[in-house]
Amino acid sequence: MKMEDMPLSGPDNTKLEALVNDIYSELVEDACLGLCFEVHRAVKQGYFFLDETDQESMKEFEIVDQPGVDIFGQVYNQWKNKECECPNCKRLIAASRFAPHLEKCLGMGRNSSRIANRRLASNNNMSKSESDQEDNDDLNDNDWSYGAEKRGEHRKSQTSPRRSKTLKHKNEFSPFQYNYNAGINYEMLGPDEVQSFLTTVSSFHGRKKSFQSQRCPQHTDEQRMAVRVFLLGPSAPVLPEADSVAVPESFDIPDGQALMSRLQWEDSPEISPSDSASSKASEEKSGSPFPIKRRTDKEPVSVSLTGTNHSDSRSLSTKKKKPKLTAPSISSIYDDLN
Amino acid sequence: MSKDYQMKAAINQKLIEMGERERLKELLRAKLVESGWKDQLKAHCKDVIREKGLEHVTVEDLVTEVTPKGRALVPDSVKKELLQRIRAFLAQHAAL
């Protein structure tokens, strides 16, 4: 106590001191009361004597200090040395590697290259429908993200094995193995439909002058000439020019058979969009693509279609088929006919 | 004397208003816990409770049993320090 700090007088001092003591006493009493309330509450709530457990429980949860064991007494790498037998491949796998192994083994995990294996399997089996179904399953299994489903679907359809196969064959000259998967099946067309098709193309050809050539892009002119020679003989006329004018309404029909054969051949105008100057003989407007627009006599058409080699007719009819034929033009031709 | 009483009341009021009372209270509690006073007293409480019976203990019982002992158990250093602080406060703010 520093008495020199007190500027107070004697009698006041005692009073003051008494006052100070009073204040101090009050503070101490407050502290005691606080403790009492705390203890009383603990007693009534039942947690006052929690720190006094019996010896048995104390022993149970004692801190363990042995080597190879943690403080609870549990062994750390208990499962490290154990091996499990895989139900799939019957191998003994270490326990810590078991789950990832199962993932790969059963082909169900995220990184198990399930798609690749399935594609291999489907390629081996050459089964289309299989791959279609599995594609859908695979999409559902992928980690979910909002836009990925749509994107994934598009990607899948673009890279499906079926599509890639047809693309592979595209550039080969195989008149007998044309693309069967096109929209219209030319073999199934009746004579009326064939006629409408032919007129379709001719009118199409007439209307759209910008449409350079109607020859299919999958075959070269040499191929066409070769086939023409093969079928028509060495005296086969050359292919007409690509941008010949629209076919006149009425036609002479000099020789039905020859014309029909030519008719079948006709993808006449050269299809080579890059080939602007078609130097092939520009003759034969009459012999141009589809000489017969409105045939009264439909017999030869069907006969010639079916009479010749089936493979040839198929190839011819498919050759005629232009990928650029559109549905609207066809329907318009039907209107014309009607 | 009423004058003293008045003075006391005034000083108390001042203590509270300035927040000094709270500060002193916290200081005292911290010091008591630090010195082990609280644990001592708690042990004494346990004895009282066991004596009276767990179910029938009341606050009044505890208070009457515990407070005198508590007062007595306060360490001297703590007591001195607190008295010092109170005196200082009075010296600063008391209008004598």
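Letters A, B, ... are given to chains in the order of the sequence lines, protein chains preceding strands, and every chain is numbered from 1. Atoms considered below: every heavy atom in the structure, side chains included; atoms not considered: hydrogens, waters and symmetry mates.
- If you measure heavy-atom distances from Val74(B) to chain A, the contacts under 4.5 Å come from the side chain alone.
- Looking at Asp22(A), the atoms closer than 4.5 Å to chain B (heavy atoms on both sides) all sit in the side chain, from C-beta outward.
- Here OH of Tyr24(A) is found 10.5 Å from NZ of Lys80(B). Values are rounded to the nearest 0.5 Å.
- By the neighbour-count criterion of 12 heavy atoms within 6.0 Å, atom CG of Asp47(B) is densely surrounded, having more than that number from other residues, nucleotides or ligands.
- The minimum heavy-atom distance between Cys45(B) and Phe48(A), with the atom names listed, is CB-CZ, 4.4 Å.
- Ranked by heavy-atom pairs under 4.5 Å with chain B, the list Ser25(A), Cys36(A), Ala18(A) is led by Cys36(A).
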Q) side chain to side chain contact (heavy atoms under 4.5 Å, CB included) between Val63(B) and Leu33(A): does it pass, once the steps are laid out? A) CA-CA 7 Å; Val63(B) 166; Leu33(A) 267 179; 3.6 Å; yes
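- Heavy-atom neighbours of chain A within the stretch residues 18-25 of chain B, taken at a separation under 4.5 angstrom, comprise Arg21(B), Leu24(B), Lys25(B).
- When heavy atoms are compared at a cutoff of 4.5 Å, Lys69(B) does not approach chain A at all.
- The CG atom of Leu83(B) sits 7.0 Å away from the CD atom of Glu17(A) when rounded to the nearest 0.5 Å.
- Contact of the Lys38(B) side chain with the Glu38(A) side chain is registered, since non-hydrogen atoms from C-beta on lie closer than 4.5 Å.
- Counting non-hydrogen atoms of neighbouring residues, nucleotides and ligands closer than 6.0 angstrom, the CZ atom of Arg50(B) exceeds 12 such neighbours.
- Residue Arg71(B) touches chain A through both its backbone and its side chain, counting heavy-atom pairs closer than 4.5 Å.
- For chain B, the nearby parts of Ile23(A) are the backbone and the side chain; heavy atoms of each come within less than 4.5 Å.
- Of the atoms belonging to Val66(B), it is side-chain heavy atoms, and not backbone ones, that fall under 4.5 Å from chain A.
- Taking 4.5 Å as the limit, every side-chain heavy atom of Val39(A) sits out of range of all side-chain heavy atoms of Val57(B).
- Only the side chain of Asn12(B) has a heavy atom closer than 4.5 Å to any heavy atom of chain A.
- Residue Gly70(B) comes nearest to Cys32(A) through the heavy atom pair CA-SG, 4.0 Å, listed as atom of the first residue, atom of the second, then distance.
- Only the side chain of Leu28(B) comes within contact range of chain A, with heavy atoms under 4.5 Å apart.
- Taken from NZ in Lys44(A) to OG1 in Thr58(B), the straight-line distance is 8.0 Å, to the nearest 0.5 Å.
- Using a 4.5 Å heavy-atom cutoff, the side chains of Leu27(A) and Ile86(B) are in contact.
- No more than 12 heavy atoms of other residues, nucleotides or ligands lie within 6.0 Å of CD in Glu55(B), so this atom counts as exposed by the packing criterion.
- Two residues are said to be in side-chain contact when any heavy atoms from C-beta on lie closer than 4.5 Å; Leu35(A) and Leu32(B) fail this criterion.
- Every ring-ring contact (aromatic ring centres under 6.0 Å, His included) that Phe89(B) has, sequence neighbours left out, goes to His93(B).
- Atom NZ of Lys42(B) sits in a sparse spot, with 12 or fewer heavy atoms from other residues, nucleotides or ligands closer than 6.0 Å.
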